[in-house]
A.B. asks: 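For reference, the structure I am asking about is given below.
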2 protein chains.
Amino acid sequence: MNARRRSHDRTETIMQTALDLALEVGYAKLSMEAVAARAGVGKDTIYRRWPSKALLFLDAVLSSRTQGLEHPDTGDIVADLRQVMTRACDLLGRPPWGPLYQDLIGEAQHNPEVAAALNERFIQPQAADTLARIKAAQEQGQLAPDFDLDLAFELLSGPLYFRLLITHEPLTPAYIDRVLQAVFAGMGPRPQP
Amino acid sequence: MNARRRSHDRTETIMQTALDLALEVGYAKLSMEAVAARAGVGKDTIYRRWPSKALLFLDAVLSSRTQGLEHPDTGDIVADLRQVMTRACDLLGRPPWGPLYQDLIGEAQHNPEVAAALNERFIQPQAADTLARIKAAQEQGQLAPDFDLDLAFELLSGPLYFRLLITHEPLTPAYIDRVLQAVFAGMGPRPQP
DNA sequence: AGCCATACGGGACGCCCCGTCCCGTTTTCT
DNA sequence: AGAAAACGGGACGGGGCGTCCCGTATGGCT
């Protein structure tokens, strides 16, 4: 009974220590030895819980509050999306957690287990939530019936991830507004009449 | 005189060997020892040319034909963009070079030198070329005067990179068409009259 | 309360590989 | 032909992942 408690405590301690160290030195220089030492724990105790350094890191980053990113429904679809996108960028797009999220995605590029877990535990739920909110807006008549719902999430997220991962430009509220404006107010051709 | 030639030959050989090995075992398992051995070269000879494994890999991937991605100008902006996007996806979005490009971007997440070089040598030129083509279309009256030119490249590329790096879904011509359709035909709200 | 299984901390170990150094040799330029 | 540079090969230091082992302690079971 209390065993579970103790075990859970140690699991928490290890994840928190890994997160602390990652924030200090980055994922690339994060070592299991250092985590074990600072957590006051044997390496076996870590490897009994996670099969690799990468998956420990994933757990540490994701379980560190990726909550609070659910969409509200105020009736204004653009305002609701802006709020969630802003929160997401504040959380994952800049220090302290931004670099860790970048490293996590970097690791996912050559580690299928990390890629799958990241998708399953964060990306997919987020996409589903966005999709549901947009669908509601469409049913309320705020969007055209032929609005490409499945594409919307990618059109909104893609540019943000592009800046985060490729050009490494800052994710400002102004940029979020430009993306929203483009997707929802249209960038279509308007040949002057 | 012939020294340059010989030196250049060896540089070519090393890059090609690195590329071959990377295609066989992936960047994560690529070792400088293996490159040196297969190329019949001492490790010093490699490190005399590149300061690190990561930058050798970047050179190997980028110099391996990232050409042929310039925009034509047939007068039809959407068709021209579709052609370039299709070629880019065929080249960088699937085997054999897709995984290497993914690894390169992954490495860039925790290696500022790689990130900077990737931007300078590939992303920025590509963006500039796209921007120029779109600007020409605007001046020809195919696009509205207030079309957000700077954003366009990111709106078009972002979703493709999102699929490549995050969800790892295939980059099909159909998807490219959906993105083009959304950006240029507009996804804006059309409350029924 | 006492016992046993399990988890534990700590440390040693094998393995791999990056990047540097060195040496004897070949190649190139003068 | 002779000096200077580049070269191949191999040894080396350093670091870290993941495994193994051992003596200990902690908690569940009777």
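Predicted model, so just to flag it, every value in this text is computed and none were measured. Only this structure's heavy atoms are used, side chains among them; waters, hydrogens and symmetry mates stay out.
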A.B. asks: Rounded to the Å, how far apart are R49(A) CZ and dA7(C) P?
C.D. replies: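 One finds 10 Å between P of dA7(C) and CZ of R49(A), rounded.
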A.B. asks: Any salt bridge between D150(A) and K135(A), counting N to O under 4.0 Å?
C.D. replies: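 K135(A) and D150(A): not salt-bridged.
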A.B. asks: I'd like to check the salt bridge (charged side-chain N to carboxylate O under 4.0 Å, His left out) partners of D129(B); sequence neighbours left out, ordered by chain and number.
C.D. replies: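 Residues passing salt bridge (charged side-chain N to carboxylate O under 4.0 Å, His left out) with D129(B): none at all.
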A.B. asks: Go along nucleotides 19-25 of chain C 5' to 3' and tag each nucleotide: B for a protein heavy atom under 4.0 Å from its base, S when only backbone or sugar atoms are that close, - otherwise.
C.D. replies: BBBB---
A.B. asks: Sub-3.5 Å donor-acceptor pair from the side chain of T45(A) to the main-chain atoms of V41(A), do we have one?
C.D. replies: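 No, because the side chain of T45(A) does not come within donor-acceptor range (under 3.5 Å) of the backbone of V41(A).
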A.B. asks: Roughly, in whole Å, what's the span from CG in D9(A) to P in dG9(C)?
C.D. replies: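 These atoms are roughly 12 Å apart.
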A.B. asks: Please confirm whether the shortest side-chain N or O distance from R10(B) to OP1 or OP2 of dC7(D) is below 4.0 Å.
C.D. replies: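 True: R10(B) side-chain N/O within range (under 4.0 Å) of dC7(D) OP1/OP2.
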A.B. asks: Mind calculating the distance between CG (L56(B)) and P (dC18(C)) to the nearest angstrom?
C.D. replies: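 After rounding, the reported distance stands at 11 Å.
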A.B. asks: Quick one: which of dA6(D), dG8(D), dC8(C) gets closest to the side chain of R48(B)?
C.D. replies: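 Of all the options, the side chain of R48(B) is nearest to dA6(D).
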A.B. asks: Less than 4.5 Å apart, side chain to side chain, heavy atoms only: is that true for I134(B) and F153(B)?
C.D. replies: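 Side chain of I134(B) against side chain of F153(B), heavy atoms only: no contact under 4.5 Å found.
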A.B. asks: May I have the distance from L55(A) (atom CG) to dG18(D) (atom C1'), rounded to whole angstrom?
C.D. replies: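 Distance check: L55(A) CG to dG18(D) C1' gives 14 Å.
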A.B. asks: Could you pull out all residues at least two apart from L55(A) that satisfy side chain to side chain contact (heavy atoms under 4.5 Å, CB included)?
C.D. replies: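 Partners of L55(A) by the side chain to side chain contact (heavy atoms under 4.5 Å, CB included) criterion, ordered by chain and then number, come out as P51(A), S52(A), E113(A), V114(A).
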A.B. asks: Between V41(B) and K29(A), which residue's closest nucleotide on DNA chain D lies nearer the 5′ terminus?
C.D. replies: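 The residue whose closest nucleotide sits nearer the 5' end is V41(B).
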A.B. asks: Would you say the side-chain atoms of Y175(A) and E154(B) include a donor-acceptor pair closer than 3.5 Å?
C.D. replies: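 Distance-only check passes for Y175(A) and E154(B).
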A.B. asks: Would you tell me if any nitrogen or oxygen in the side chain of S31(B) comes within less than 4.0 Å of OP1 or OP2 on dC17(C)?
C.D. replies: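 Checking S31(B) against dC17(C): no side-chain N or O falls below 4.0 Å of OP1 or OP2.
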A.B. asks: Hey, does I46(B) reach any base, or is it just sugar-phosphate, or nothing, if we go heavy atoms under 4.0 Å?
C.D. replies: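 If one applies the 4.0 Å heavy-atom cut-off, I46(B) turns out to touch nothing in the nucleic acid.
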A.B. asks: To the nearest angstrom, how far is F57(A) atom CZ from dC17(D) atom P?
C.D. replies: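 In whole Å, dC17(D) P and F57(A) CZ are 13 Å from each other.
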